[in-house]
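Below: one structure, written as structure tokens.
By convention in this document, chain letters (A, B, ...) are assigned in the order of the sequence lines, proteins followed by strands, and residues within each chain are numbered from 1. Only a predicted model underlies this, so the values are computations on that prediction, with no experimental measurement involved.
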Amino acid sequence: MRGVFSCHQQESHERERTMSETHEQTEGEQAATYDVEAVQAKWQPVWDRLEPFRADDEVVRSGEREKRYALTMFPYPSGDLHMGHGEVTALHDVLTRYWWQRGYEVLNPMGWDSFGLPAENAAIRNDAHPADYTYGNIDTQFESFRKYGASFDWSRRFNTSDPEYYRWTQWLFLRLFEQGLAYRKKSPVNWCPNDQTVLANEQVVDGACERCGAVVTKRELTQWYFRTTAYAQELLDSLDDLQPTWSDKVVNAQRNWIGRSEGAHVDFAVAGREQPITVYTTRPDTIFGTTFMVVAVDAALADELVTDAQRPAFEAYREEIRRETEIERLSTDRPKTGVDLGVTATNPVTGEQIPIWATDYVLADYGTGAVMGVPGGDQRDFEFATVMGLPIVRTTQPPADFEGEAYSGEGATINSPADGAASVGLDLNGMSVADAKSAAIAFLDEQGSGRGTVNFRLRDWLLSRQRYWGAPIPIIHCPVDGEVAVPDDQLPVELPALRGADLKPKGVSPLGGAEEWVNVSCPTCGGPAKRDTDTMDTFVDSSWYFLRYCSPHDDSQAFDPDLVNMWGPCDIYIGGDEHAVLHLLYARFFTKALRDLGLLSFGEPFSAYLSQGKVINNGRKMSKSLGNGVSLGGQLAEFGVDAVRLTLVFASPPEDNIDWADVSPSGSLKFLQRAWRLSGDVTSAPGTAPEAGDVALRKLTHKTVHEAADLIEKHRFNVMVARTMELVNATRKAIDSGCGPADPAVREAVEAVAILLSLVAPYVAEEMWERLGHQPTVARAGWPVVDEALLVEDSVTAVVQVRGKVRGRLEVSPDISEADLEAAALADEAVVRALDGATIRKVIVKAPKLVNIVVG
RNA sequence: GCCGGGUUGGCGGAAUGGCAGACGCGAUGGUCUCAAACACCAUUGUCCGAAAGGGCGUGUGGGUUCGAAUCCCACACCCGGCACCA
């Protein structure tokens with residue numbers, strides 16, 4: 001008989017035939033397969049009615065059940081769900097459904113990250129409003145999630161583009177503004193010429209816009225920033241606590257991104273300038289080798305220092321650098337360039353005058369934007385000195401076989417000071433790098449011309465965007481009062497109604513075109529003022545959404561602190577590595593800032609983070625241009641929800657990529673049919689006591705359930721599925737050629753299978769549960785109770801090794817003594833043969849599993 | 001260059017100091033069938049052998065250990081993060 005699971009591609013007459021055959025069979029013997037489509041259609045309305053996954057605040061508050069907060073990254077609504085959503089949802093559901101079965105009250109919410117550029121670009125293309133695109137896609141994705149059997153609590157859903165949500169995004173912005181954690185400054189910023197907006201550092205990848213791939217340039221603009229650097233040290237330190245439960249990859253990425261370095265600030269006096277120039281260096285021990293100073297060409301300092309004579313050359317050079325793209329600037333193998341500014345500084349330890357140059361290899365926004373040039377110890381300085389003909393002094397003795405140019409390794413300090421040089425009261429000669437560092441810092445500190453300091457690569461988060469579809473920044477600019485916060489009771493500042501061509505990128509925010517909206521009176525003085533016309537980076541929306549889920553309908557506050565502190569922090573967060581630094585770092589920053597505002601009692605939002613791999617096809621990322629895309633909807637139609645979910649969970653450990661060309665959803669379906677068939681074979685009545693059942697099968701059932709729990713808690717879902725398959729195989733055997741279908745152990749095993757499968761394949765599990773004579777829903781049936789006594793083996797196989805090779809096996813009692821096991825091993829025929837009369841030097845016995853005989 | 005992770009059959013992967021290759025995919029042979037599909041059964045790391053049995057085998061080379069895929073050292077390659085960050 002043909003498989004009955006419906007396959008959309010199937011010819012209709014063929015389908016009729018199979019349907020009628022199924023019908024015939026169910027009247028007579030047991031049907032061999034179930035109809036996937038029919039089962040899906042049957043259970044969805046039942047679950048809608050039962051709402052098994054609705055999280056109840058009271059149950060947790062009263063202490064009746066312990067809480068679990070399970071979060072998975074909410075999607076951006078671009079079209080329908082794709083394979084990646086399918087994977088993360090399937091993995092996430094294993095854990096959340098497991099928690100429900102174990103008796104926890106699980107908060108597992110879902111919503112939409114619905115502000116963002118694709119909707120805006122679509123609106124421009126179609127002369128529409130971004131909301132049309134956004135909310136249409138949300139409806140589609142919502143339906144798909146439901147069909148997918150995802151265990152979300154839909155009563156808590158929201159969209160970040162809803163005014164009821166972004167009202168609180170604005171409210172939180174104002175709290176940070178009050179604390180000085182949100183501020184405006186003018187500085188060179190990353191500019192995407194395609195999207196016509198600024199980008200945060202995190203959104204620039206290899207000099208290109210992370211979103212559209214356009215080459216990023218720099219612009220000098222006044223923009224809003226969040227002071228993430230205020231939390232740099234804490235963001236770094238608390239990674240230590242997260243390390244065991246976050247993936248190494250993400251922790252490492254965050255550490256690298258924060259980029260802490262220890263060094264010193266050193267002051268160089270400049271004749272005729274009141275303030276010295278301070279440089280940042282990680283190698284204060286090399287200060288005697290400082291033969292020049294370099295200042296970032298685009299820093300205000302360079303412009304200020306340059307002499308009239310050098311100004312034309314300087315300005316010409318600066319123009320040249322400004323025209324360069326980030327990509328050109330990032331290439332490290334091009335020759336060093338620069339202009340002598342015509343001024344000199346005093347080396348604080350030698351008293352020598354050194355020239356000050358401007359260059360593009362020094363970054364204006366790192367450290368102080370000025371660097372001491374030590375060509376003997378720094379390769380970049382070496383190259384610069386070589387090109388410009390500046391002197392080179394080595395201050396660390398390189399090893400004899402050293403073949404580089406600048407030497408930056410370990411070694412004794414030399415030339416500090418050089419032979420015959422005037423004494424300056426500091427002598428580093430002969431010291432190790434570490435000792436010389438501290439000695440130099442101590443000396444400078446005493447002189448008042450330097451101090452030890454710590455620097456971070458992390459920059460403040462640039463959050464303003466010159467686009468429409470985001471939360472307006474709730475600030476009013478008043479010629480008298482400056483930046484004035486929109487009063488809380490006037491929130492939300494709603495977006496003006498713009499559409500189509502109004503939204504075209506012009507380099508300034510489209511909101512500026514809505515004159516009625518822009519012109520307001522100042523909340524402080526009542527005079528004419530203008531609204532800020534920028535919108536917030538959408539990462540602001542997602543930096544606090546996990547808090548809103550705890551009290552999603554509260555219209556009096558962003559979140560209810562009691563409920564947030566009760567549910568939070570999230571016990572698990574599942575998502576992709578692409579957000580390893582962006583979203584995860586921002587959310588961590590927000591959580592710490594809100595904790596310090598007294599709004600939260602915890603400082604880390606996500607206690608555990610599981611990063612799921614990608615679904616690829618034929619070794620490559622799925623993409624339209626490669627033509628290797630696989631649609632989730634298509635796979636669901638062909639194999640059914642359960643088989644696709646099972647395939648995604650079973651294919652590999654959650655962190656690894658899944659190559660769709662390597663997996664077999666048809667194999668998954670075959671397995672599910674086998675499992676389902678078991679439920680029709682059971683002949684004992686529901687409620688039959690299992691105690692009298694076949695002991696071997698009972699032991700396997702209990703062992704499987706016990707191990708499955710452990711595997712799930714360790715996020716080893718693929719192995720948990722493998723164990724379930726073994727139980728199905730063993731149960732099949734027991735029915736066909738063992739204890740038979742009427743044995744109570746068979747019922748116990750099949751019920752366990754249904755519950756285990758409810759985590760992965762909810763539809764077929766529900767169907768099995770019903771066929772076993774139970775009421776829905778299997779999702780809340782409860783985890784089977786493991787009988788510890790059944791976990792003890794009657795006998796175990798002991799392995800006997802001779803010369804490290806397995807030469808014999810013995811079935812022994814698990815509590816056999818070492819002496820008995822050794823005696824049995826030495827008496828074993830195969831072992832005796834392998835020994836072949838050789839002298840036994842030593843016998844290692846690890847009862848009851850192993851004996852190793854070492855022969856001389 | 002610096003930091004992190006990895007490398008196990010034809011393939012996805014199990015095994016985290018004690019039987020390498022669980023489970024599955026694929027493949028081969030068989031049962032059923034007029035035939036095919038479905039389903040079921042068997043075999044499937046590799047080499048020698050008719051078989052019994054044996055040799056070899058977890059990227060490479062060394063080490064620790066009675067015993068190493070697992071721990072240590074070095075190297076190669078792959079993936080990810082940072083990178084003119086001083």
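- Salt bridge absent: A:K336 and A:D381 never bring a charged side-chain N and a carboxylate O closer than 4.0 Å.
- Residue A:V279 is classed as having no contact, given no heavy-atom separation below 4.0 Å to the nucleic acid.
- As the counterpart of B:G80, B:C3 is assigned, both hydrogen-bonding distances of the Watson-Crick or G-U wobble pattern falling under 3.5 Å.
- Across all strands shown, B:C32 remains unpaired; no Watson-Crick or G-U wobble contact has both distances below 3.5 Å.
- If you check B:A83, B:G18, B:A15 against the side chain of A:R457, the one that comes closest is B:A83.
- Judged by distance alone, with hydrogens and angles left aside, the side-chain atoms of A:D659 form a donor-acceptor pair with the main-chain N or O of A:N618 at under 3.5 Å.
- When the nucleotides B:G18, B:A83, B:C19 are ranked by their closest atom to the side chain of A:T797, B:C19 comes out on top.
- When the C1' atom is compared between B:U33 and B:A39, the two are found 12 Å apart, to the nearest whole Å.
- With its glycosidic angle within 90° of 0, B:G9 adopts the syn conformation.
- A gap of 16 Å separates the P atoms of B:C71 and B:A14, to the nearest Å.
- With distances taken from any side-chain atom of A:F650 to the nucleotides B:A86, B:A83, B:C23, the minimum falls on B:C23.
- Under the Watson-Crick or G-U wobble criterion, with both distances below 3.5 Å, B:A14 has no partner in any strand shown.
- When both distances must be under 3.5 Å, the Watson-Crick or G-U wobble mate of B:G57 does not exist.
- Pairing partner, B:U65: none, since no Watson-Crick or wobble contact has both distances short of 3.5 Å.
- At least one side-chain nitrogen or oxygen of A:R674 sits closer than 4.0 Å to the OP1 or OP2 atom of B:C40.
- When each of B:A86, B:C66, B:C82 is scored by its nearest atom to the side-chain atoms of A:L363, the top-ranked nucleotide is B:A86.
- Comparing B:C3, B:G13, B:C56 against the side chain of A:S652 picks out B:G13 as the nearest.
- The pair A:K714-A:D710 meets the salt-bridge criterion, with a side-chain N (NZ, NE, NH1 or NH2) lying under 4.0 Å from an Asp/Glu carboxylate O.
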